[in-house]
Each structure stands twice: as C-alpha cells, then as structure tokens.
Protein chains: 2
Amino acid sequence: MHSFTEENYLKAIYKLQETNGEVVATSALAQVMGVHAPSVTDMLKRMAGKKLVTYQKSKGVKLTERGRQVAVGIIRNHRLWEVFLVDKLDYKWDEVHDLAEQLEHIHSEDLTNKLDKFLGFPKADPHGDPIPDSNGVLPKSKAVLLSTLKINEQGTFTGVTDHTAAFLNYLDKTGFSLGDPIKVKGIEEYDQTYTLQLKGKKEVVVSFKVANSLLLSY
Amino acid sequence: MHSFTEENYLKAIYKLQETNGEVVATSALAQVMGVHAPSVTDMLKRMAGKKLVTYQKSKGVKLTERGRQVAVGIIRNHRLWEVFLVDKLDYKWDEVHDLAEQLEHIHSEDLTNKLDKFLGFPKADPHGDPIPDSNGVLPKSKAVLLSTLKINEQGTFTGVTDHTAAFLNYLDKTGFSLGDPIKVKGIEEYDQTYTLQLKGKKEVVVSFKVANSLLLSY
DNA sequence: TAATATAATTAGATTACCCTAATTTAATTT
DNA sequence: AAATTAAATTAGGGTAATCTAATTATATTA
C-alpha cells in the first residue's frame with residue numbers, strides 16, 4: 001500500500017495537472033503540499049522509483065497511469081465520504097472537507113463500493129464535484145462558469161470552483177443552493193458585478209469573483 | 001494529536017492492563033504490537049515524555065489518566081465503526097475488525113458523536129463488546145463465561161472473548177447468534193465438552209475452548 | 001546464595017519525510 | 001549573448017519508528 005503522504009502528493013499532482021496543464025512544477029507542488037521545495041524533490045524521486053510518477057530533473061512531474069489510478073481512487077473515496085457526512089450525519093457542505101481528507105485514506109476498495117451502494121450511487125459530492133466510478137472513470141463535466149454567461153442566459157447551479165468554507169458560507173447566506181436555477185439579469189460594465197435571479201425570483205448582486213466560482217449546467 | 005502508532009500502543013497497553021493486571025511488560029507489548037522489544041522500550045520513553053504512560057526502566061508501563069482517556073476514545077471509535085459497517089453496510093461480524101482498525105484513528109470527537117447518534121446510540125458492537133460513552137466511561141460487563149455454568153443453567157449469549165474470524169465463522173455455521181438464549185444440557189467429565197441447547201431447541205456439542213470463549217448474561 | 005535463564009536496555013543503523021543553506025540549472029531581461 | 005533573477009537540486013541534518021547485536025538487570029533454580 002501507499003503511505004498517506006504519497007497519496008496526498010498523488011492527489012495534488014492530479015489536481016495540478018487538471019488545472020495547470022500536463023507537467024507540474026516542484027514549486028507548485030511544494031506550495032499546495034505546504035512543504036519546502038527540497039522535500040518535494042526528495043519525495044518525487046521516491047515516487048518515481050515506485051512508478052507512480054515520471055520525473056525528470058528540473059523538468060517537472062507527470063503521473064503514470066498507475067499514479068493516476070491511485071489518485072482518482074482517493075478522489076472517489078473523498079467525495080463519497082463527503083456525501084456520507086452530509087447526507088447521513090447532517091454535516092453542512094462547508095464542514096466536511098477536513099474529515100474527508102482523513103477518511104479518503106481508508107484502504108479498502110470493498111468498503112468504498114459498499115459505501116457507494118449505501119449512498120445510492122451518487123453522481124456528485126455535496127459541492128457538485130463528480131464522483132469517479134469504480135473503474136476510475138471520472139465523467140467530464142459540461143458545466144460552465146457563470147462568468148461566461150451573457151445577459152438573460154440561465155442554467156442550473158451544479159458546482160463551485162472555490163471550496164473554502166468562507167465561500168460556501170457566503171453562498172448559503174446569500175441564498176444559493178445546489179440544483180437551483182440561476183438567471184443572469186444584468187452585468188455591470190464598470191466593475192463586472194452580476195445581477196442574478198435565483199429560485200423564487202429573488203435577485204442578488206454578486207462580484208466577478210463570485211460569478212467566476214459558480215458552475216452552471218443546462 | 002497523537003500518531004496512529006502511539007494510539008495503537010495505548011490501545012494495546014489498555015487491553016493488557018484489563019486482562020493481565022495493572023502493569024504491562026515490555027515483552028508482552030512487543031508481542032501484541034508485532035515489533036521487537038527494543039522498539040517498545042524506545043517508544044515507551046517517548047510516550048512517557050508526553051505523559052501518556054508512566055514508565056520505569058525494567059519495571060513495566062501503566063497508562064496515565066490522559067493515556068487511558070485516549071485509549072478508551074479509540075475503543076469507542078472502533079466499536080462504533082464496527083456497528084456502522086455491520087448495520088449500515090451489511091458487513092458480517094467476522095469481516096469488520098481490520099477496517100475498524102483503520103477507521104478508529106479518524107480524529108474528530110464531533111464525528112464520533114454524530115456517528116453514535118446516526119447509529120441510534122448502540123450499547124455494544126457486533127461482537128457484544130460494550131461501547132464507551134462520550135465521557136470515556138465503559139460500562140462494566142456482568143457477563144460470565146459459559147464455561148463457568150453448571151448443568152441446566154442458562155443465559156443470553158451476549159459476547160465473545162475470541163474475536164478471530166475463524167471462531168466467529170464457526171459460531172455462524174454452528175447456529176450461535178448474539179442475543180439468543182443458551183442452556184447447558186450436559187458437561188462431559190472426561191474431556192469437558194458441553195452439550196448446549198440453542199434457540200429453537202437445537203442441541204450442539206462444543207469443546208471447552210468454545211465454552212470458554214462465549215459470554216452469557218442473565 | 002551462586003549459577004543460570006529470561007527479560008529489558010543500550011548502542012548503532014535504517015527508512016520515510018521533512019528542514020536550512022549552498023549550489024546549480026533554467027528562464028528572463030538587458 | 002551576457003547578466004540577472006527565479007526555480008530546482010544537492011549536501012548535510014533532524015525526528016519517529018523500526019531493526020540487530022551486545023550488554024545489563026531481574027527472576028528462577030539448583
């Protein structure tokens with residue numbers, strides 16, 4: 001089995017590859033892992049030895065297929081446990097991240113699959129992030145940032161790109177709820193604030209920062 | 001927080017104190033932890049430094065009150081997760097131990113308490129072992145070994161002292177089920193085999209080894 | 001009680017993961 | 001292209017948890 005640390009590196013590399021392109025830099029990894037660069041160099045050598053990543057001196061890292069499988073497996077665990085915490089234990093969506101960070105490292109495919117079944121094979125976690133299936137296939141999301149919509153366009157609120165408790169709290173407070181319809185009623189040229197119509201005709205004004213962190217589907 | 005290793009030492013010391021008396025020997029601990037004696041000596045020094053145990057060179061270990069609290073907390077986690085696995089995920093009682101060994105180390109009192117509530121505040125795990133409450137109080141069991149009963153005495157099967165999958169499987173196969181009544185119909189002088197009447201009048205013959213691993217309550 | 005056997009400790013190493021300081025490699029600017 | 005800046009690596013160390021081999025302390029038995 002792999003250590004928790006290795007698994008966390010794999011997850012971090014996976015996410016950086018998703019958002020920042022194929023090859024991941026030592027410094028970027030150091031930042032998200034909260035360690036210093038030499039620790040990363042060190043770790044990458046060990047992980048390359050185990051064929052979890054391909055690593056070339058000063059040229060960054062990529063996951064191998066095996067590394068990707070492990071990473072996706074952990075993401076699957078993470079998101080399923082988040083669903084468990086929210087659906088079964090009544091946690092709120094802004095409270096579950098740290099607990100899921102622990103639970104994701106429980107090693108048992110069988111447990112993961114039984115949990116999946118118990119939860120009714122959910123497609124997404126409480127933040128709208130898709131849950132990989134047991135073969136490590138993660139459905140490509142067709143959701144789009146609210147900030148790309150034009151006036152009078154609309155969609156269903158299906159996810160966020162900012163997972164901080166602060167942001168999620170703001171959404172709760174302001175009346176955003178996953179699955180609800182959202183319509184763009186106005187965009188202010190000057191400062192790019194968006195006027196949105198939420199479910200029940202409620203209108204709210206949000207900053208570009210917010211509009212750029214909301215995912216809508218059709 | 002404490003490391004998993006520390007927590008496992010604490011649990012082991014706690015259990016050895018329960019069964020073998022107040023003071024625990026290095027060698028006993030080495031055996032149950034599956035490590036060699038010098039590793040134990042080493043670890044005990046570190047743990048004594050953290051005030052989790054009191055340790056005197058060549059005189060064995062005892063838990064401090066703090067150490068006991070941590071140990072009981074882990075046992076609480078372990079047993080609650082076992083209930084979860086059996087009641088909610090349909091695991092069998094002989095399959096849950098290793099998974100619970102992982103889950104017990106999830107650090108969150110809040111999670112433990114929410115899980116407890118979700119499970120309906122169970123009093124015992126799937127093997128009949130009592131679950132400590134949130135204050136670390138573990139109810140003293142009044143159960144008694146079947147091997148201490150005389151002919152025609154009876155009780156309710158409420159626990160086991162052997163938790164191996166092999167034994168639990170044997171019980172399943174033979175028709176023992178937690179909560180059922182058991183009556184002693186005969187005891188063979190020669191080899192100490194017990195003839196038992198199970199629920200539904202079914203009679204079975206078991207060895208002393210088995211009779212000595214079953215707990216009954218009245 | 002002296003001799004022996006068992007248990008526990010010390011000494012010295014190893015591995016995983018992390019650090020700081022110094023150096024090298026790569027990228028950017030002049 | 002040379003000089004400067006930024007990124008990455010090497011060198012050398014530290015801690016937690018383990019090991020083996022050697023030594024000391026305790027317990028048992030003659």
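A note on names: the letters A, B, ... follow the listed sequences, proteins ahead of strands, and every chain is numbered from 1.
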Minimum-distance nucleotide (side-chain atoms of A:Pro38 versus D:dT10, C:dC17, C:dT9) | D:dT10
C:dT20, D:dT9, C:dC17: which one has an atom nearest the side-chain heavy atoms of A:His36?
-> C:dT20
Starting at atom NZ of B:Lys59, determine the distance to atom C1' of D:dA27, rounded to an integer number of angstrom.
-> 13 Å
Determine: side-chain N/O of B:Ser27 to OP1/OP2 of C:dT6, distance under 4.0 Å, yes or no.
-> no
For B:Arg79 and B:Glu82, run salt bridge (Lys or Arg N to Asp or Glu O under 4.0 Å): C-alpha distance rounded to whole Å, both residues' side-chain angles, the deciding distance at 0.1 Å, then the answer.
-> CA-CA 5 Å; B:Arg79 293 182 180 169; B:Glu82 284 199 346; over 6 Å; no
Round to a whole Å and report the spacing from NZ of B:Lys45 to P of C:dA8.
-> 14 Å
Presence of salt bridge, A:Glu6 and A:Lys50, under 4.0 angstrom = yes
Measure from CG on A:Asp42 to C1' on D:dG13 and round the result to the nearest Å.
-> 12 Å
Shortest side-chain distance from B:Thr41, nucleotide among C:dT10, C:dC18, D:dA7 = C:dT10
Considering only C:dT9, C:dC18, D:dA17, which nucleotide approaches the side chain of B:Thr5 most closely?
-> D:dA17
Counting just side-chain N and O atoms, does B:Tyr9 come under 4.0 Å of either OP1 or OP2 of D:dA16?
-> no
Nearest whole angstrom, please: distance from the C1' of C:dA7 to the CG of B:Leu29.
-> 14 Å
Closest to the side chain of B:Ser58, out of C:dC17, D:dA25, D:dA21, is D:dA25
Taking atom types as modelled and ignoring hydrogens, do the side chains of B:Thr112 and B:Asn77 form a donor-acceptor contact shorter than 3.5 angstrom?
-> yes
Looking only at side-chain N and O atoms, does A:Ser39 come under 4.0 Å of OP1 or OP2 in C:dC17?
-> no
note: B:Met43, atom CE; D:dT15, atom P; distance rounded to Å ~ 16 Å
Would you classify A:Tyr55 as touching base, sugar-phosphate or nothing, given that sugar-phosphate means primed atoms plus P, OP1 and OP2, and contacts are heavy atoms under 4.0 Å?
-> sugar-phosphate
Does the pair B:Glu101 and B:Lys11 meet the rule for a salt bridge (Lys or Arg N to Asp or Glu O under 4.0 Å), with working shown?
-> CA-CA 11 Å; B:Glu101 291 270 303; B:Lys11 207 177 31 149; 2.9 Å; yes
Does a nitrogen or oxygen in the side chain of A:Arg46 sit under 4.0 Å from OP1 or OP2 of C:dA16?
-> no
In whole angstroms, the gap separating C1' of D:dA16 from CG of B:Leu44 amounts to 14 Å
Do any side-chain nitrogens or oxygens of B:Lys57 fall under 4.0 Å of OP1 or OP2 in C:dT10?
-> yes
Residues A:Asp129 and A:His163: side-chain donor-acceptor under 3.5 angstrom | yes
Separation of atom CZ in A:Phe4 from atom P in D:dA17, rounded to whole Å = 14 Å
Figure out the NZ/P separation between A:Lys50 and C:dT15, and round it to whole Å.
-> 13 Å
